[in-house]
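In the text below, chain A, chain B and the rest are named by the order of the sequence lines, each starting its count at 1.
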Number of protein chains: 2
Amino acid sequence: MGKLSIKDIAQQCNTSITTVSFVLNGRAEEKRISKELKERILKTIEDTGYKQNQFARGMRTGKTNIIGLIIEDISNAFFSAVARIIEENAYKRGYKIIYCSTDDNTEKTKELIKLFVERNLDGYIITPPKGIEDEIQSLINQKIPVVLFDRYFPGLETDYVVVDNFNGAKKAVQHLFDAGFVNIGLITTTSDLTQMQERLDGYEEAIAENGKKPKILKIPFDNSAEQNIETISSYLKKNKDLDAIFFSTNYLAFRGLEAINELKMKIPEDIAIVAFDDQEFFKIYNPSITAVSQPIKDISIKLIDILLQKMESIDKPIEKVILPTNLIIRNSSIKIK
Amino acid sequence: MGKLSIKDIAQQCNTSITTVSFVLNGRAEEKRISKELKERILKTIEDTGYKQNQFARGMRTGKTNIIGLIIEDISNAFFSAVARIIEENAYKRGYKIIYCSTDDNTEKTKELIKLFVERNLDGYIITPPKGIEDEIQSLINQKIPVVLFDRYFPGLETDYVVVDNFNGAKKAVQHLFDAGFVNIGLITTTSDLTQMQERLDGYEEAIAENGKKPKILKIPFDNSAEQNIETISSYLKKNKDLDAIFFSTNYLAFRGLEAINELKMKIPEDIAIVAFDDQEFFKIYNPSITAVSQPIKDISIKLIDILLQKMESIDKPIEKVILPTNLIIRNSSIKIK
DNA sequence: TTCTTTTGCTAAATCATTTTAGTATAGCTA
DNA sequence: TAGCTATACTAAAATGATTTAGCAAAAGAA
């Protein structure tokens, strides 16, 4: 059954293991195996259904044909959508995916990278939490292909794919001003990773350009959903002058909607809303929610593309990709007269 | 660096490779290795940071410590939530996860299983599409541990974890009758997999018990989102007498909400809604949506639990787990007087 | 004392490949 | 006809573990 080895093929073809191996690895030309023998071997492989043993192969070559996908949280819609497309494209090109969620936990991520490196995965796609610069650098030093996404380390020369968070955020806030809102707050996380910092900067610049003062609520990543609702709720109660809120990330927008519901406030009459990172949900919600949408497909395809190129030749020049976002204007940010 | 082999450890400890291997595999007692030598070996391993080469190990043992997670669609919230918990628990117990999405496509799934079996994964958790009974049976024959979930094959003696779809659906529909609705339609997929069939049966039984006639719309799985909205929209227009709809799955409920919005119908005044498979979204939506919730955590834990037991001893008796669902009543199914 | 058993360990085979360093033969050149 | 080159292949080493079979010394039994 599954017990066929290269030896069996060699015997059946009256040739050597070496020759079969060359044919198997597409080195027949190079090694001047005659067309005839090559065909015979190929046919035998086909007929018998022989498959290479991946362990033995990996043992010699150190290759696994497996890519490690290390993301913040597979159950978050943005990440699972990206994971989905990466998976699809990786499979098409003969690679499998091992994935895991980091929860943005530095220690957990370090562990995971160590674990994966032990297993000799061929390449990595990572949304890094803070504090793992050394681990990433060490991968690069070991010539192991890595591409970061969603955020990156400014001090590190790595390939990455991110979106233009700064302009995405700035445009969103400017849109609120244009729509006639005046006091615009920001609800964001305490994270100082690039993507969050840039969204914050975009908000602040738009605020400054309109001659206003920023009003920012920062919430730790590891708070529970209930805590978040509570925090946002009391922030809204304390800041009655706010007429619009920009949420820097989708899960905070969810909590915000719950808080707003609890307070029986109306969107956009009592408070207008814009969220970063569009969701199917935002389109259906009543009122529909204006959002900064990330080009999920482009991100995913670019990621897997860069990684595979890197895996083919590790000395490929570094690529830093910044993709544009798209502001989708819906009812939650349109003033009702 | 990573170049340490068991040989190096043996040399440093002035002992044989065999002995180190025994210690490494926890067989020191059994093989009567002296406490002293064992400690010395362990210490050297610790000090040098030696790690077993997984290829070489796998080559001898055929084990990978990797579990294959083959699910319908990682970007569906229900599946990604399950994946998340399985992942967490697998890692805790020293296993990694390779996953992939099937799209409920029979051919794709067959390919995937073949691919994974070639790689000698240690066990499988699968949401099977139709028509892969033979592949599952073949896994069982080869004594490879498998647990199915979400649906199963009635003719096959396999471990599985599902929910009580029949009673979940029946209760949901009965609840609509109890709330005063009279003409209740079902929107479901054309799939004849167990979970969908049972939900359909549950609906029909509730309808029959209330002396009504069923009104069912079946939509193929591979239709696009836009097609689905269109189909539901014209169904609603044609069946003006309906005052409530039961959606058999979450993505159809989404499309339904979009169609209802487009038609400017009001929930629950014009049409009441109950969906199978609760979502965070349903709680926040306005009005909030009544839903049959699946015990995601219990499902996931049970799955990984059964699989790991099976991996320890393949002859573990088969377990067929049917978990109860929970009807969460919200505003979309409460009659307004 | 001699034989048997237990203790503590190890040599060597094995797993299925890749790859290096060849060899043997045929054909061509001078 | 000797020498060289190209062609078509192969033997054997190496990869890093697990595991079978067995050995030497010490302890215990008769």
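- Between the side chain of A:T18 and the base of C:dT19 there is at least one donor-acceptor pair of N/O atoms closer than 3.5 Å.
- Counting only heavy atoms from C-beta on, A:N53 has its side chain closest to C:dT17 among C:dC15, D:dC9, C:dT17.
- Side chain of A:I17, nearest nucleotide from C:dT18, C:dA16, D:dC9: C:dT18.
- In this structure, of C:dC9, D:dT18, C:dT17, it is C:dC9 that holds the atom nearest to the side chain of B:T19.
- B:F22 comes within 4.0 angstrom of a nucleotide base, judged by non-hydrogen atoms across all strands.
- Applying the 3.5 Å distance criterion, the base of D:dT15 shares no donor-acceptor pair with the side chain of A:R60.
- Residues B:D315 and B:K143 approach most closely at OD1-NZ, 3.6 Å, considering heavy atoms.
- In this structure, the side chains of B:I6 and B:Y50 come closer than 4.5 Å at one or more pairs of heavy atoms.
- When the shell of 6.0 Å around NZ of A:K316 is examined, it contains more than 12 heavy atoms from other residues, nucleotides or ligands.
- Of the listed nucleotides (C:dT18, D:dA17, C:dG8), C:dT18 has the atom at the smallest distance from the side chain of A:T61.
- Among the nucleotides C:dT17, D:dA17, D:dT20, the one closest to the side chain of B:I6 is D:dA17.
- Minimum atom distance to the side chain of A:R32 is reached by D:dT7, of the listed C:dT18, D:dC9, D:dT7.
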(message) Checking B:R93 against B:D305 for the salt bridge (Lys or Arg N to Asp or Glu O under 4.0 Å) test, could you report, in this order, the C-alpha distance in whole Å, the side-chain angles of both residues, the deciding distance, and whether it holds?
(response) CA-CA 10 Å; B:R93 312 223 217 153; B:D305 224 69; 3.0 Å; yes
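- Of the side-chain N and O atoms in A:Q54, none sit less than 4.0 angstrom from OP1 or OP2 of C:dT17.
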